[in-house]
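Along the sequence shown, residues are numbered consecutively beginning with 1. Owing to the predicted nature of the structure, the values given are computational and were not obtained by experimental measurement.
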Amino acid sequence: MTSIKKLDVHHLIGKEIGTSTILGELARGGMAIIFIAYQRTLKRRIAVKILPKILLTHQKAELFQQEAEAAAILSHPNIIQIYDVGEVDEFIYFTMQLIQGQPLTRLLHSIKKQVLPSKRFMPVKVIIQIMTQILDALDYAHQQGIIHRDIKPDN
């Protein structure tokens, strides 16, 4: 069976999906690929998460749809907004807010690589700010009956 990590998706660059055009790959997860796209109607960059049909199972399709629906009902500054859900010949997808910046995983990795041992620690104030934002978003989601099942620095 084909793995998401090995799947060649270069041919999707330039493909139009609804009102958006795929610009480039952003990241890969366990079952999906996230692209940066340009939404022509609102003249903005967005993210498009796709689940290729070559990897599609009933369970994966259900989880993918649940993820989009769960995020779509939430309105919180630390939770991305979902814009649309759809399907094309090759994949199912949802479009969402594009967050600019560095993933927490990359930040943690760069801190670990510091030459000076004293620089290999994140300042407590920064840790508290990040954790407060994460916990506030999780608390809000839990109050809405949503449980995040994949909490990690990449997410």
Side-chain angles (χ1 to χ4, degrees), residues 1-113 129-155:
M1 185 171 178
T2 306
S3 160
I4 195 77
K5 301 290 183 193
K6 296 179 182 179
L7 195 62
D8 182 14
V9 291
H10 288 91
H11 65 283
L12 297 178
I13 308 302
K15 182 175 179 68
E16 292 188 8
I17 301 170
T19 62
S20 302
T21 304
I22 294 177
L23 301 176
E25 187 176 328
L26 183 63
R28 291 184 186 227
M31 72 175 197
I33 303 169
I34 301 174
F35 291 90
I36 295 176
Y38 181 73
Q39 188 178 31
R40 297 177 306 281
T41 52
L42 295 174
K43 297 177 176 47
R44 65 181 174 181
R45 288 165 34 118
I46 63 171
V48 178
K49 186 170 189 175
I50 73 159
L51 175 54
K53 287 184 178 177
I54 192 170
L55 303 174
L56 199 60
T57 64
H58 177 71
Q59 182 182 18
K60 285 182 180 179
E62 209 171 86
L63 288 172
F64 194 78
Q65 182 70 29
Q66 286 174 2
E67 177 184 351
E69 290 173 0
I73 66 169
L74 301 175
S75 179
H76 187 277
N78 299 106
I79 299 174
I80 58 134
Q81 293 294 300
I82 301 297
Y83 301 139
D84 193 19
V85 176
E87 181 175 348
V88 295
D89 290 341
E90 205 172 335
F91 54 84
I92 59 176
Y93 69 91
F94 60 86
T95 63
M96 58 190 160
Q97 178 183 10
L98 176 64
I99 303 297
Q100 298 294 323
Q102 175 173 217
L104 184 55
T105 303
R106 193 173 305 145
L107 176 63
L108 294 172
H109 184 68
S110 67
I111 289 170
K112 285 182 191 176
K113 290 176 64 176
Q129 289 173 337
I130 291 170
M131 290 306 299
T132 300
Q133 291 174 10
I134 293 168
L135 293 172
D136 188 45
L138 287 171
D139 179 54
Y140 171 78
H142 289 178
Q143 288 176 27
Q144 305 306 310
I146 306 295
I147 305 298
H148 193 304
R149 296 182 300 193
D150 195 18
I151 299 169
K152 60 186 179 185
D154 280 336
N155 292 340

Student: Got a sec: does the NE2 of His11 have more than 12 other heavy atoms crowding it under 6.0 Å?
Tutor: yes

Student: How long is the gap from CD1 on Ile99 to CD on Gln81, to the nearest 0.5 Å?
Tutor: 9.0 Å

Student: Under a 4.5 Å cut-off applied to non-hydrogen side-chain atoms, are Gln66 and Arg149 in contact?
Tutor: yes

Student: Which is it for Asp154 and Thr105 under the side-chain hydrogen bond (donor to acceptor under 3.5 Å, both in side chains) test, yes or no, and what are the steps along the way?
Tutor: CA-CA 6 Å; Asp154 280 336; Thr105 303; 2.4 Å; yes

Student: Which residues pass the side-chain hydrogen bond (donor to acceptor under 3.5 Å, both in side chains) test with Asp89, sequence neighbours left out?
Tutor: none

Student: Keeping the roles fixed (side chain from Lys53, backbone from Val88), state whether a donor-acceptor pair exists under 3.5 Å.
Tutor: yes

Student: For Gln39, is there any backbone N or O sitting under 3.5 Å from a side-chain donor or acceptor partner on Thr19?
Tutor: no

Student: Which atoms form the tightest heavy-atom contact between Gly18 and Tyr93, and what is the distance?
Tutor: N-OH, 4.3 Å

Student: Donor-acceptor pair, Arg45 side chain versus Ile36 backbone, under 3.5 Å?
Tutor: no

Student: Using a 6.0 Å cut-off, check whether atom NE2 of His109 has over 12 heavy atoms from anything other than its own residue.
Tutor: no

Student: Check Glu90 with Lys15, please: is the shortest side-chain N to carboxylate O separation under 4.0 Å?
Tutor: no

Student: Hey, is the main chain of Ala47 close enough, under 3.5 Å, to the side chain of Tyr83 for a donor-acceptor pair?
Tutor: no

Student: Counting heavy atoms not belonging to Gln102, are there more than 12 under 6.0 Å from its CD?
Tutor: yes

Student: Report the residues that fulfil side-chain hydrogen bond (donor to acceptor under 3.5 Å, both in side chains) with Gln65, sequence neighbours left out, ordered by chain and then residue number.
Tutor: Glu69

Student: Please report the interatomic distance CZ(Arg28) to CZ(Phe35), rounded to the nearest 0.5 Å.
Tutor: 7.0 Å

Student: Has Arg40 got a side-chain atom pairing as donor or acceptor with Ser20's backbone, closer than 3.5 angstrom?
Tutor: yes

